[in-house]
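Below you'll find the structure, written out as structure tokens, and then a few comments.
Order of the sequence lines fixes the chain letters, A, B, ..., with proteins taken first and strands second; residue numbering starts at 1 for each chain. Since the structure is predicted, the reported quantities are computational estimates derived from the model, not experimental observations.
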Amino acid sequence: MLKSPKPQQQPNSDDGFEAPTPLTTQGTETQFQLIWRAFKAHKLAMISLAVLSLLYLVAIFAEFLAPNDPYAVNARYTYAPPQELHFIDHDETGGWSIRPHVLGYKVEVDPIALRRTYVMDESTKYYIHFLPETHEVNMWGLFPTKRHLFDVDGRREVLFLLGTDRLGRDVLSRLIYGARVTLSIGLAGILLSLVLGVIIGGVSGFYGGWIDNLIQRVIEFIRSIPPIPLWMGFSAALPRDWTPLQNYFVITVILSLVGWTELARVVRSRFLSLKSEDYIAAAKLDGVSDSRIIVRHMLPAFTSHIIATATLAIPGMILAESSLSFIGLGLQSPVISWGVLLQEGQNLRALADAPWLLWPGAAIVITILAMNFLGDGMRDAADPYGSND
Amino acid sequence: MLQFIFNRFLTMIAMMLALSFVCFFIIQLPPGDVISAYAAELAASGDSGGLVVEQLRERYGLDQPFYVQYLKWVRNLLIGDLGYSFNLSKPVSEIISGRIGISLLVECMALVVLWGIAIPIGIYSAVRRYSAGDIFATIFGFIGLAVPNFLLALLIMYAVFIFTGTAVEGLFSAEYANAPWTPGRIWDFLTHVWVPVLVISTGGAAHIIRILRANLLDELGKPYVVTARAKGMAESRLIMRYPVRVAMIPLVATVGWVLPTIISSSIVTAIVLNLPTLSPILLRSLLSQDMHLAGALILFMGMLTLVGTLISDMLLIWIDPRIRTGMMDA
């Protein structure tokens with residue numbers, strides 16, 4: 001109804017100042033476009049979206065990005081400190097060029113305590129090559145490849161940008177592989193919770209009555225029990241001889257046992273508020289079936305809310321998986337997840353010698369912060385009509 | 001109101017029954033039972049012992065169907081018999097009573113510290129909205145939510161170790177570990193207990209700050225605040241007296257989830273810091289599949305939150321006259 005400003009309101013339109021394009025799209029934008037516009041206004045949420053996209057890309061292309069085999073043990077380099085990445089290469093003649101490289105280690109073994117100390121050897125430079133062919137990996141379990149994004153050349157050269165652990169395994173490569181398990185278990189857990197939550201919450205909100213009452217009591221009950229002991233109890237019962245994949249699925253199911261309750265509550269409250277809307281009543285009077293009302297008229301109205309709530313629930317899943325794996329009741333080595341990696345740092349002595357073992361912790365914190373900001377932004381954008389009327 | 005309290009009691013008892021069922025389910029979950037582990041041991045030592053094993057099964061009722069075993073277990077619970085830990089060779093009730101005091105003490109301290117940190121910061125954040133302090137509190141809140149408890153405990157341990165060269169583990173120094181409570185031991189306890197208490201309370205505190213800030217901001221814009229201000233009431237007195245009291249009421253209702261959170265995080269923290277509480281025992285019993293002990297501990301922790309929630313509901317009725325009168329009408 002509102003008309004866009006007329007061109008004559010701009011006095012001098014011929015001095016290079018272009019008249020704004022008439023806002024013809026106003027009122028015809030789809031709900032998705034409106035939401036996207038509201039979301040874009042959130043700077044933190046946009047940054048978080050970029051960070052998370054990067055993290056998930058890293059998780060997807062782990063085999064290609066990791067410079068070392070995450071399981072490769074290096075007896076020569078246990079608890080080796082991180083190598084500093086140098087970009088400017090000075091040669092003997094005093095000239096310089098841009099060639100990324102790291103310095104080699106000089107290992108000194110204390111004869112009495114048998115402790116290794118590592119000194120950076122200024123004389124050995126390992127140049128970083130891009131797209132070299134080094135150790136063989138099985139990309140996504142589909143095809144073997146030797147191509148990696150970057151690595152050093154030769155057999156005697158090593159690249160440990162984030163140091164190594166107790167067995168001399170590369171922390172960076174393990175971190176990259178761990179991203180795959182940790183980030184995907186968050187998504188898988190939330191997907192399962194979402195399915196349960198939408199079905200159970202939908203039934204509860206749509207039909208009401210004694211079903212609603214029963215479901216609400218069950219939700220109340222689940223939420224009143226401390227979740228960690230419950231998860232611990234269930235995961236302790238996992239048979240030890242199960243494959244990592246089986247464990248992964250069962251842990252996902254265990255986490256979803258509690259996770260669905262929050263989503264079910266949101267779905268139910270949305271159903272309750274929508275049920276009294278005129279257009280739902282109109283559809284009912286027209287003789288539209290229940291399932292069509294739900295799928296065609298109700299779900300589109302709150303999909304965005306559900307997605308926002310689900311995003312805000314992922315951090316809880318990741319925290320839970322990490323905590324369980326950390327105390328030894330979740331995923332078990334040889335599976336690599338960030339929680340499993342942090343187990344290496346459980347020993348205070350090891351931590352004092354090798355503080356770089358805490359990098360997976362930093363990764364967890366960054367992921368959860370980004371998820372929270374993203375979820376907040378999505379929640380605010382989920383109702384794009386709120387601020388205009 | 002009595003009717004409401006009575007109903008609330010009934011709900012709690014129903015929930016306790018449900019909880020006991022879940023716990024018994026967990027006890028039964030691992031394949032095999034204690035006796036089959038014992039039988040395997042016998043077989044390994046060359047003794048077939050089929051008869052002994054059968055007799056043991058009969059004695060512990062392991063040959064009976066699930067529901068009979070469950071009912072027996074519940075009956076034993078009611079008379080205070082929590083079962084027997086085969087790994088520690090002690091009755092479960094003895095193990096729990098030996099450590100329950102310290103567990104509760106640490107958890108209560110964490111609860112007090114949680115509210116003690118969260119309430120002043122929440123009030124400050126709302127009253128001085130967008131000030132440097134508020135922004136700092138918001139950042140603290142986000143980070144508090146994002147750092148897992150075990151990581152925070154590790155970081156504090158690492159920092160203390162780097163700066164002082166001592167390890168902050170456990171709750172007592174070696175010389176006080178089994179000593180009676182003397183002023184020296186209390187002091188020793190206090191120098192140790194701040195780490196777990198701080199770690200346990202952070203996550204919850206961050207939540208409470210956000211809730212209190214939002215509630216108080218809603219209240220601060222209301223006409224009664226403007227009226228009081230127009231009458232010339234001192235600002236500090238005004239805020240503490242009216243809007244803060246109103247904004248605090250929903251906080252009492254959050255005890256329902258604060259308690260499960262505290263118990264959950266105290267478990268992980270106590271395991272990392274190796275505290276002499278119930279949590280490391282829970283972990284050990286689960287790892288060795290000593291399920292009777294583990295089941296009893298999980299049941300116990302769940303009961304604790306159920307009772308705590310009941311108490312908070314009673315408090316809510318007592319504090320908020322609107323709920324009280326609303327219930328009388330109903």
Side-chain angles (χ1 to χ4, degrees), chain A residues 44 217-218 220-241 257-258 312 315-316 318-329 338-339 342-343 345-349 351-352 355 357-358 360-362 364-373 376, chain B residues 11-12 14-15 18-19 22-23 25-31 142-143 145-152 154-155 157-158 161-162 167-169 203 256-257 259-268 271-272 279 282-283 285-289 291 294-295 297-298 300-302 304-306 308-309:
Chain A
L44 263 177
R217 292 293 89 75
V218 171
E220 239 170 68
F221 168 65
I222 293 177
R223 296 181 70 87
S224 67
I225 309 175
I228 291 271
L230 204 61
W231 285 325
M232 285 168 74
F234 280 119
S235 46
L238 293 184
R240 300 288 148 84
D241 51 352
L257 277 181
V258 177
L312 284 171
I318 294 180
L319 279 179
E321 184 274 319
S322 309
S323 304
L324 281 181
S325 302
F326 177 77
I327 59 179
L329 282 175
W338 289 342
L342 279 170
Q343 259 186 315
Q346 204 168 21
N347 180 333
L348 188 57
R349 300 282 153 183
L351 204 56
L357 292 178
L358 285 177
I364 293 177
V365 173
I366 290 171
T367 308
I368 292 173
L369 271 179
M371 287 277 184
N372 278 332
F373 287 135
D376 277 351
Chain B
T11 319
M12 190 187 71
M15 283 200 173
L19 178 68
V22 170
C23 289
F25 179 70
I26 290 177
I27 291 179
Q28 298 283 312
L29 210 48
F142 270 114
I143 293 179
L145 288 181
V147 182
N149 280 301
F150 68 88
L151 186 62
L152 189 60
L154 274 185
L155 285 175
M157 266 165 81
Y158 176 65
F161 185 76
I162 291 299
V168 277
E169 272 186 313
W257 63 257
L259 284 177
T261 314
I262 287 232
I263 298 224
S264 279
S265 51
S266 76
I267 289 176
V268 180
I271 289 168
V272 178
S279 323
L282 174 63
L283 179 66
S285 61
L286 284 172
L287 286 177
S288 58
Q289 303 213 330
M291 293 316 278
L297 283 171
I298 296 174
F300 183 76
M301 287 165 177
L304 217 58
T305 56
L306 288 179
T309 316

message = List the residues meeting side chain to side chain contact (heavy atoms under 4.5 Å, CB included) with B/L287, not counting sequence neighbours, and say none if there are none.
response = A/L329, B/L283
ask   = How many angstroms lie between CD1 in A/I228 and OG1 in B/T261, if you round to the nearest 0.5 Å?
value = 10.0 Å
Side chain to side chain, B/L282 and A/M232, heavy atoms closer than 4.5 Å = yes
ask   = Is it the side chain or the backbone of B/F161 that comes within 4.5 Å of chain A heavy atoms, both, or neither?
value = side chain
note = Nearest heavy-atom contact between A/G345 and B/L154 is O-CD2, 3.6 Å
query = Is it the backbone or the side chain of B/L286 that comes under 4.5 Å from a heavy atom of chain A, or both, or neither?
reply = both
note = Rounding to 0.5 Å, atoms CD1 (A/I225) and SG (B/C23) come to a distance of 7.0 Å
ask   = Given a strict heavy-atom distance threshold of 4.5 Å, which part of B/A294 is in contact with chain A: side chain, backbone, both, or neither?
value = neither
request  = Could you grab the distance from atom CG of A/N372 to atom CZ of B/F142, nearest 0.5 Å is fine?
outcome  = 6.5 Å
Rounded distance (nearest 0.5 Å) linking atom OG of A/S322 with atom CG of B/N149 = 12.0 Å
key: Spatial distance of atom CG (B/L145) from atom CD1 (A/I368) [nearest 0.5 Å]   = 9.5 Å
remark   = Residue from B/V268, B/V147, B/I267 scoring the most non-hydrogen pairs under 4.5 Å with chain A is B/I267
